[in-house]
Amino acid sequence: MTQALFDARNIARSYGGVTALNNVSFAVFEGEIVGLIGPNGSGKTTLFNCLLGQLRADGGTVRLRGRDVTGWRANALARAGLGRTFQLLQVFGGLSVRDNLIVAAQEHIATLARRLFAPRTLGLDEQVEAALERFRLTALGDAPAASLSYGQQKLLDLAMALMAEPDIVFLDEPAGGVTPSMLDEIGEILLTLNRVTGTTFAIIEHNMDFIMELSDRVVVLAEGEVLTSGTPEEVRGDERVIEAYLGG
Amino acid sequence: MNAQGFKRLALAAILAVAILAPLGLKNYGVYLLSLWALYAIAAQGLNLTLGYAGQISLAQAAFFGIGAYISALATTAGMSFWLALPLAGLACFIIGALIGFPALRVQHHYLAFVTLGFNVLVFLVLRNEEWLTGGTYGVANIPRPALFGLSLGGPLAFYYLCLALLVLMTAMFWHIVRSPWGRAFAALRDNPERAASLGISIVTYTLLAFAIGSAAAGIAGAAFAPLVEYIDPTPFTLSLSLAFLLMVVVGGQGTLTGPFIGAALVTLLPEWLRWTEGYYLMVYALAVMVLMVVCPSGLTGLFDMARRRWERSP
């Protein structure tokens, strides 16, 4: 069996006496799109935060390309090749759209001291223009990010997560709060990135049609445990999944 | 004119006024201008820490004091001012980085209290450790430096030294805030969690913001000692830290010109309001309160509003 690109084993996390994650294990292979679904409160976002350095897990190991990255800080994980977006939209409102894109990649370039004396754009101009074009933000490059509409900020948020060309990108509800037309656009962009540039994704999503169409594999969480995993068809037909969602 | 051009014009205008202002002024007036230049340097430091990186500090006067004492003790012991000046900056850079550590754990008013505690601690050391600092007797006969054999002892010559320092420090801050570092500071201020997820080290940039901001205060303090020629612990209390905070907030935090205007207001306004006699503090406080209500982004924000209105008018 080939080595997983990203491998989380037995991740545990409690808040006081409440178990949020109970030995959750899941792996993502190179070039895959893995959907992570589950009812509200099933521990999806807690899992992301434990895996990506925002929360400290009580137990478990995390490996990236076989390398143990358990307990690493968020910034170190980002530099090791993990990108992410958050459930709530997070762009730097005070910076221009262009600067948001540059800041998303700049720490991967040169050393701290060199960055102080490097050109302002750090040679990222072409990459920034390409991202602006891909996400249809070219006309807004110099506008402060805070002045963008919600949908445009959502696109910028996604573009930022991809700027450093991470090995794997974790997206927390990319479809949340966007219009149906923009939803199609986001789905198309993610599929293109996956099929053409081989970007690997792990995606938390509540929109079932969206995630089932996009994913190669779906992992279902319920009450802090992995309930099941499989292809979208397998998961769709699984009685336990239906029961977990309907609260049987 | 765009915002960038307006900013350049504003800086050029401030420089022109600063060069011409002392001509024809009496010694006290020149002294006040020198004080303005040094306060503006320290305020610029705090502006980086607070305005750009979003970390509050109520310890800026402590670093101003540390810089002043290093310069005073070193130059009265025979060291050249030109060595004492960078030494004061370096010492404050290191201590500033150490003071940044609490900022990694606490934020906002908690951080304000931690830094406030540091200011009180430094004041007590300056007052009580007589063997080192001279205690309440202070350090007297602090020499003014010479440059290439040219004495900077006169009030006007020393003012131009302070102004040159201000120009140099401004150029440094201009470079930093426009560099990738400046962008990382702004990202940290806007959203630390997101910044970390993009590879920005919160630890490194928080400590850097404190270290650079403190070093600026140290350098300003190092020039303050020969300006007043005698120092004791009295000026370096919390009230000066609050005054630096006022300069940054009133001037307009997160802007390059804000600290100049803020420092001018805090240094000069009390003098201009002397005609009100006993009421000047009240008038001064009222003016600040009105400004904060009308324009929370400070005086530069007020100018920005005026500029935009002027641009819109036919």
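We use all heavy atoms of the structure for the numbers below, so side chains are in, but hydrogens, waters and symmetry mates are not. We name chains A, B, ... by the order of the sequence lines, and we start the count at 1 in each one. Every value quoted in this text rests on a predicted model; they were computed, and no experiment measured them.
- Both the backbone and the side chain of A/Asp157 come within less than 4.5 Å of a heavy atom of chain B.
- Within residues 198-205 of chain B, the residues having any heavy atom closer than 4.5 Å to a heavy atom of chain A are B/Leu198, B/Gly199, B/Ile200, B/Ser201, B/Val203, B/Thr204, B/Tyr205, listed by residue number.
- Residue contact with chain B, scored on non-hydrogen atoms closer than 4.5 Å, involves the backbone and the side chain of A/Met160 alike.
- If you tally non-hydrogen atom pairs under 4.5 Å between each of A/Arg120, A/Arg115, A/Arg79 and chain B, the highest count goes to A/Arg120.
- When the heavy atoms of residues 184-192 of chain B are compared with those of chain A, the residues falling under 4.5 Å are B/Ala184, B/Ala186, B/Ala187, B/Asp190, B/Asn191, listed by number.
- Looking at A/Gln90, the atoms closer than 4.5 Å to chain B (heavy atoms on both sides) sit in the backbone and in the side chain alike.
- Nearest heavy-atom pair, A/Ala78 versus B/Ala196, reported as atom, atom and distance to 0.1 Å: CB-O, 4.1 Å.
- Residue contact with chain B, scored on non-hydrogen atoms closer than 4.5 Å, involves the side chain of A/Leu122 exclusively.
- Using a 4.5 Å cut-off between heavy atoms, A/Pro166 makes no contact with chain B at all.
- Side chain of B/Arg194 to main chain of A/Phe92: no donor-acceptor pair is present (N/O by atom type, distance under 3.5 Å, no hydrogens or angles).
- Using a 4.5 Å cut-off between heavy atoms, A/Ala164 does not touch chain B at all.
- Side-chain atoms of B/Trp181 come within 3.5 Å of backbone atoms of A/Leu112 as a donor-acceptor pair (strictly under, hydrogens ignored).
- Atom CZ of B/Phe113 has 12 or fewer neighbouring heavy atoms from other residues, nucleotides or ligands inside a 6.0 Å radius.
- Both the backbone and the side chain of A/Leu116 come within contact range of chain B, with heavy atoms under 4.5 Å apart.
- Most heavy-atom pairs under 4.5 Å with chain A: of the set B/Ala195, B/Gly182, B/Ser197, this distinction falls to B/Ser197.
- For the atom pair CZ of B/Arg183 and CD1 of A/Ile102, the computed distance is 4.5 Å after rounding to the nearest 0.5 Å.
- Taking both residues in full, the closest heavy atoms of B/Pro180 and A/Pro119 are given as CG-O, 4.3 Å, listed atom of the first, atom of the second, then distance.
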